[in-house]
Amino acid sequence: MSIEVALARLNEAQQQAVTTAAKQTLVLAGAGSGKTRVLVHRIAWCLSEGLASPTGVLGVTFTNKAAAEMRGRIEVLLGRPLGGMWVGTFHGIAHRLLRTHWREAHLPEQFQIMDAEDQQKVLKRVIRGLNLDNEQWPAKEAQWFINARKDEGQRPDQVDDGADPAIRTMIDIYRAYEEACARAGLVDFGELLLRGYELWRDNDDLLRRYRERFFHVLVDEFQDTNALQYKWLKLLVADQANFFVVGDDDQSIYSWRGAQVENMQRFRRDYPQHELIKLEQNYRSTATILDAANALIANNTGRLGKKLWTDGERGEAIRLYTAYNDVEEARYCVDRIRRFHAEGDRYADSAVLYRTSAQSRVMEDALRQADVPYRVHGGFKFYERAEIKDALAYLRLAMFRDADPAFERVINLPVRGIGNRTVDEIRLVARREKISLWAAAYRLIEHHELAARAANMVLAFLHLIDTLAARIAGLALDGVLETVIETSDLVAHYRKEKGDRGLDRIDNLNELVAAARDFEPDENETELPLVAAFLSHAALEAGEGQAGEFEDCVPLMTLHAAKGLEFTNVFMVGLEEGLFPHQRSSTDPGQLEEERRLCYVGLTRARRRLTLSHAESRRLHGADFYPQASRFLREVPRQLLEEVRVGGAALSGGARLIEETSGSGLFLGQRVMHRTFGEGIVLHLEGRGAHTRVQVNFEGGVKWLVVAYAGLAAL
DNA sequence: CGCAGCACCTTTTTT
DNA sequence: AGGTGCTGCG
């Protein structure tokens with residue numbers, strides 16, 4: 001397709017963004033306004049106008065998925081491969097830089113990427129090594145602290161301790177952790193970015209080379225950038241490159257992991273000559289849904305300001321469902337999903353979104369009961385599974401003996417008689433001598449400092465890894481993994497596990513061999529030996545969860561996971577105070593606004609039908625709660641809503657069943673009035689006739705009453 | 001050294 | 001409620 005034809009299909013604001021002559025551009029792109037489209041067309045336009053060559057383009061996103069989509073769409077639009085263009089995630093690009101310039105970055109050539117789990121284990125070891133109490137200094141908190149500092153671009157020496165001894169200790173842990181990582185050639189996710197930044201900052205020649213190369217820098221989801229990422233971009237862009245960023249301040253939902261919406265304001269200040277373009281026309285949702293979203297988000301302060309509109313139809317009213325409890329809420333959603341399915345929608349067109357992942361369980365139960373296929377998104381990723389990480393740890397160790405987390409992981413797996421005492425001794429020597437665990441193990445044996453039995457076991461383990469390394473040399477990648485699995489004897493180990501769990505694990509190991517067979521390094525990894533590329537890929541891209549991706553099933557996910565997706569029918573469940581907005585966010589106004597943005601993200605996922613629901617009683621952590629309806633429901637204009645309550649004749653199993661047993665004329669979820677307690681909602685019914693007791697949620701609290709004496713009036 | 005039982009905690013999650 | 005991590009025992 002010629003660029004003219006492609007351009008003609010864009011609306012005016014989109015065209016303006018794509019063809020802008022401004023050196024810096026901030027595109028404020030509302031939900032469903034075609035932001036990826038603009039980004040992709042912008043690149044194509046620059047190339048076709050001769051403003052850029054493919055090698056001069058750097059496109060940055062946050063997730064592998066977004067990067068893959070961007071690459072795919074650029075190729076389709078151009079009708080040819082990317083040809084030297086760099087399109088990837090912040091981490092992927094930093095990784096590529098560090099692999100190329102490992103010397104300048106002061107890293108070993110074989111440096112290994114550590115995921116969050118490895119990081120926590122290393123930290124635990126470091127904390128113990130500092131003789132600090134594990135209770136008082138949990139690895140998790142140290143991890144949080146260190147990652148946050150790295151997100152801000154700070155090394156231990158740059159952190160302000162505020163004369164706080166607790167922070168001072170955290171800094172000590174940070175410093176010791178850095179030493180441990182350096183010794184073992186380990187790089188965590190935050191470190192990739194920080195090193196990448198320092199690499200450019202401290203190597204003038206290198207920075208100049210990249211500045212000369214990248215003349216067009218484009219960033220997606222700019223509102224999600226953290227302080228370090230923005231610093232890194234600014235360093236590269238300086239005043240020579242075209243800087244084109246796309247974002248939506250109303251969809252900033254990741255401040256809790258370091259994202260700074262403020263970067264959008266900063267961009268405006270840092271580049272006063274920039275052009276600001278708003279994309280407000282929405283191509284996704286009905287006018288009703290957009291009205292609701294606009295009204296909701298208008299309650300936030302300090303927005304850049306943006307109002308979505310559509311020239312499409314008004315569409316159906318938004319369904320508001322008040323369930324009497326979480327189980328019944330789920331049942332209602334499933335009923336409706338089945339109805340939509342009967343009317344011709346696919347299951348995959350109806351998504352259920354919730355605030356916390358714990359909420360998926362009730363939904364899953366209801367779907368399973370109704371025999372509706374579903375898929376829970378998020379959660380366990382392929383390369384995060386224990387068995388996969390076990391096998392890869394053997395491979396890591398064979399490739400790179402100093403990889404401490406890999407060493408710790410498999411030294412006694414399968415069980416080979418190397419106990420905690422022995423491992424502790426190895427750890428101690430490693431710490432004292434500032435060497436890797438592998439080297440420490442060797443030293444202990446050479447100096448005969450281990451009991452004869454332990455020494456034999458450890459030596460056997462070291463030999464096993466050496467043997468493995470020798471065996472895999474020269475093999476194809478899938479052969480390498482087959483050999484790893486065989487030599488490690490992991491299959492026999494899992495077979496001993498009771499239940500089907502072990503069999504699942506063995507299946508996954510086979511899948512790992514298959515993944516290796518199909519593995520093709522992406523552009524960031526082509527210069528690496530294949531095995532090393534595979535290991536990096538496994539750490540950097542955890543992969544999708546379970547198989548069966550192509551089956552038609554109902555997607556279940558958290559609101560966070562839903563960002564960037566769209567569905568014909570959206571069910572947002574659990575709209576209750578304390579849950580959404582979440583308890584821990586409801587006191588701080590800033591956090592409350594982020595919850596509201598999360599709600600906004602949810603609403604704007606829906607194309608045609610939107611169902612909002614809340615329950616009057618919910619089981620949480622094993623106890624019953626009686627939450628109020630979410631304030632967000634009140635922020636949606638009433639005239640857009642169609643309210644549905646339990647007890648109507650059309651309603652499902654639960655209500656009917658209870659009515660039959662009570663015979664009192666009351667039903668669950670019914671609104672009732674009591675002389676002294678006021679208005680309330682029926683939560684439970686017990687017994688028959690004169691003995692019927694009823695549990696009612698009044699404003700003042702939950703009460704059990706005998707129907708015959710309570711004098712309840714139905715509302 | 002391995003297993004069993006108990007205490008603990010519990011927002012969101014990508015790389 | 002349910003899963004995880006640690007301790008204490010056999």
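Here the structure is a predicted model, which means the values were calculated and not measured.
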(request) Give the B/S/- string for nucleotides 6-15 of chain B, one per nucleotide from 5' to 3', where a protein heavy atom under 4.0 Å of the base yields B, of only the sugar-phosphate yields S, and otherwise -. (result) ----BBBBBB

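The side-chain tip of A:Arg99 points at the ring of A:Phe111 from less than 6.0 angstrom away and within 45° of straight on. Cation-pi geometry between A:Arg396 and A:Phe400 is not met at under 6.0 angstrom from the ring centre and within 45 degrees of the axis.
Running 5' to 3' along DNA chain C, contacts with non-hydrogen atoms of chain A at under 4.0 Å begin and end at C:dA1 to C:dC6.
Residue A:Glu449 places its CD atom among more than 12 non-hydrogen atoms of other residues, nucleotides or ligands, all under 6.0 Å distant.
In summary, the side chains of A:Asp390 and A:Tyr494 do present a donor paired with an acceptor at a separation below 3.5 Å, with no hydrogens or angles considered.
The residue A:Leu353 sits apart from the nucleic acid: no heavy atom pair falls under 4.0 Å. The residue A:Asn420 sits close only to the backbone: its heavy atoms come under 4.0 Å of sugar-phosphate atoms, none of a base. Within 4.0 Å (heavy atoms only), A:Lys124 reaches sugar-phosphate atoms of the nucleic acid but no base atom.
Residues that satisfy the salt bridge (Lys or Arg N to Asp or Glu O under 4.0 Å) test with A:Arg303, not counting sequence neighbours, are A:Asp250. Listed by chain and number, the residues in a salt bridge (Lys or Arg N to Asp or Glu O under 4.0 Å) with A:Lys121 are A:Glu117 (sequence neighbours excluded). Residues passing the salt bridge (Lys or Arg N to Asp or Glu O under 4.0 Å) test with A:Asp151: none are found, sequence neighbours excluded.
Residue pairs meeting the salt bridge (Lys or Arg N to Asp or Glu O under 4.0 Å) criterion with at least one partner in residues 251-263 of chain A, sequence neighbours excluded, are absent.
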